[in-house]
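Remarks on the structure that follows.
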Amino acid sequence: MLDKRKFYINGEWVDPITPNDLTVLNPATEQAIAVISMGSAADIDRAVAAAKTAFATYGRMPIDERIALLEALLAIYTRRYDEMAQTITLELGAPITMSTDQQAHVGIGHLEGFIDALKRMKMRETLPNGDIVLREPIGVCGLITPWNWPINQIALKVVPALATGSTCILKPSEFTPLNALLYAEMIHEAGFPAGTFNLVNGDGVHVGAALSKHIDVDMMSFTGSTRAGTAVSKDAADTVKRVTLELGGKSPNIVFEDADLEERITGSVLECFNNSGQSCDAPTRLLVQRSVYDRAVEIARRVGATVKVGDPQEPGDHIGPLVSDIQYGRVQALIEAGIAEGAELLVGGPGKPEGFEAGYYVKPTIFVGVNNGMRIAREEVFGPVLAILPFDAEEDAISIANDTNYGLAAYVQSGDLDRAERVATRLRAGMVHINGAPHRYGSPFGGYKQSGNGREGGLFGLEDFLEVKTIHRPDAA
Ligand code: NDP
């Protein structure tokens, strides 16, 4: 079993102030894989003090030098890429092919996207009125990340903080702490000055809240549930720090009758089940035009039945377990709620798939006969569970799609790209994918409504970590 009980503070691996061990489990086997420490407010005080001291000099480091540090990190990450993929498979349960092709890959893509954006970013400009505008690093940043796309969220927060000249304290999810500790080793090797990046493990209620409330933390960047995001905002309010939130979603996927049905329904089902459904932007509400509804349901049944569940260590395109017993319980409860509210099971259902007694495996599940008032259409399930709903005309589709408290992503499938774009402009969501087009590195990621605020990635992601200063010179035109 790995001993990972140290925190990374002020450029060193240090013991927690008060020992408090937590065992990390492999979700595929429920066996212990590592022991980490759960920190306290005192560890956060120590990390924040280091970040504050470091900011005094790092905040003024020339951009070229910061770019060189990020490029060094990119080279190290690339060298240790397989280690990162294996770590994510071990602690999250993402199948190794998916970890290698997707989970670990985003660590490279986001880093390249931010380096490119930093090179293009105007840090000083003169307005038409002659005043000068400077963009300056915001200061000490508290970063709280979840377990579902662990290195994705770490890269989307740590990299822009360090790129802009801020310093940071990362609190990763205690369900997936090992990839974060590996990232800390890479940052150390890249030569970032002591105190610029710090890592403290712990739970949200103690360590997370201590960060959000801290007087010397200038900004909180949080990804996770809307419940925890609300808590971060409230905790941060007394010190008026900036808060950016990337929260949940219940993303609609509108399929018009003119779409290439075979291809787009297949793609839609597989995308919903990717990462065992544990993605904030998963297309979980499949809205299908009534004229092609029966055909679409038949395709979904066929595709859903072919999705295999399997051992994450085996290469292949199967899906793995959920991350934890808590997550397993949440997903089971929502599948039961779907049945109780009268939705009809097309594929899957409650319980574990046959032959998977150990591990937090669930059956890929598809419901039909769903209406938009049911819990499975309103709540984020965060498991491989798809709800299919019919609609009549374009206006109905838009109104069902927008009838949600969330607004992260939306999806449109149509043979007519002009129509798809017209509908996209009417959807209250931060990102709209047409006919399976992917999210590209460097583009802003984030949501409307209760899906959060702020945008991550590229130029917009850098902006979130910058202050704006106006200098009024007497010689302005
Ligand atoms: P949480 O939102 O509780 O956890 C995400 C992160 O927030 C973790 O690091 C967690 O720490 C921390 N956290 C929790 N409470 C607080 C708090 N009061 N102050 C500061 N930080 C806090 O998500 P869960 O893991 O409990 O998952 C619950 C649901 O959230 C999922 O079913 C899914 O619907 C949604 N979710 C959405 C994600 C997204 O990408 N938008 C990611 C993960 C979950 P700790 O684990 O110690 O509590």
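Whatever order the structure lists ligands and atoms in, that order sets their numbers, starting from 1. Any value given below was found using the heavy atoms of this structure, including those in side chains, with hydrogens, waters and symmetry copies removed.
Each of the atoms 41 (N) of ligand 1 lies under 4.0 Å from some heavy atom of E246. Counting the atoms of ligand 1 from 1 in the order shown, those under 4.0 Å from a heavy atom of V232 are 19 (N), 20 (C). Each of the atoms 9 (O) of ligand 1 lies under 4.0 Å from some heavy atom of S173. Within ligand 1, counting atoms from 1 as listed, the ones closer than 4.0 Å to a heavy atom of G208 are 20 (C). Those atoms of ligand 1 that come under 4.0 Å of a heavy atom in Q153, given as number and element, are 40 (O). Residue T145 has at least one heavy-atom neighbour below 4.0 Å for each of these atoms of ligand 1: 6 (C), 8 (C), 9 (O). Using a 4.0 Å cut-off to heavy atoms of E174, the atoms of ligand 1 that qualify are 11 (O), 45 (P), 46 (O), 47 (O). Each of the atoms 18 (N) of ligand 1 lies under 4.0 Å from some heavy atom of A231.
In this structure a side-chain-to-backbone donor-acceptor pair under 3.5 Å is missing from E174 to L22.
Residues D203 and M38 come closest through the heavy atom pair N-CE, 3.5 Å.
Atom CG of L162 is separated from atom SG of C141 by 9.0 Å, given to the nearest 0.5 angstrom.
Proximity of L247 to ligand 1, defined as any heavy-atom pair under 4.0 Å, is confined to the backbone N, CA, C and O atoms.
In this structure, Y81 and Y77 have perpendicular ring planes: the angle between them is above 60°, well past the 30° mark. Ring geometry for H439 versus H433: interplanar angle of 30 to 60°, hence tilted. Ring geometry, F175 versus W147: the interplanar angle exceeds 60°, so the pair is classed perpendicular (tilted spans 30 to 60°).
If you run side-chain contact (heavy atoms from CB on, under 4.5 Å) between C280 and each of F445, Y406, W149, only F445 comes through. If you run salt bridge (charged side-chain N to carboxylate O under 4.0 Å, His left out) between D216 and each of K241, R46, K52, only K52 comes through.
Under a cut-off of 6.0 angstrom, the local environment of CG in D3 is crowded, with over 12 non-hydrogen atoms contributed by other residues, nucleotides or ligands. In this structure, R426 places its CZ atom where only 12 or fewer heavy-atom neighbours from other residues, nucleotides or ligands lie under 6.0 Å away. Within a 6.0 Å sphere centred on CG of D21, heavy atoms belonging to other residues, nucleotides or ligands number more than 12.
Of the protein's non-hydrogen atoms, the one nearest atom 10 (C) of ligand 1 is K171 NZ, 4.0 Å. Distance from atom 30 (O) of ligand 1 to its nearest protein heavy atom, with residue and atom name: S225 CB, 3.0 Å. What sits closest to atom 35 (C) of ligand 1 on the protein, heavy atoms only, is E380 OE1, 3.4 Å. Taking atom 26 (O) of ligand 1 as the reference point, the nearest protein heavy-atom neighbour is R330 NH2, 3.0 Å.
At a 3.5 angstrom cut-off on N or O pairs, A228 does not count as close to ligand 1. Any N or O atom pair closer than 3.5 Å counts here, and T223 shares no such pair with ligand 1. Residue-to-ligand polar distances place R227 within reach of ligand 1: an N/O pair is separated by less than 3.5 Å. At under 3.5 Å, not a single nitrogen or oxygen of C280, backbone or side chain, sits near a nitrogen or oxygen of ligand 1.
At least one heavy atom of Q327 lies less than 4.0 angstrom from ligand 1.
Under the 4.0 Å criterion applied to side-chain N and carboxylate O atoms, E246 and R455 are not assigned as salt-bridge partners. With respect to K6 and E185, no salt bridge is recorded, no charged nitrogen being found less than 4.0 Å from a carboxylate O.
Of the listed residues (W149, W147, F382), the one carrying the non-hydrogen atom nearest atom 25 (O) of ligand 1 is W147. Among G248, P146, G204, the residue whose heavy atom lies nearest to atom 13 (N) of ligand 1 is G204. The heavy atom nearest to atom 21 (N) of ligand 1, out of those in L143, L22, I144, is found in I144. When Y406, F222, F175 are ranked by how near their heavy atoms come to atom 6 (C) of ligand 1, first place goes to F222.
Taking the six-membered ring for Trp, Y328 and Y360 have ring centres at least 6.0 Å apart.
By the definition of a contact as any protein heavy atom under 4.0 Å away, atom 4 (O) of ligand 1 is not in contact.
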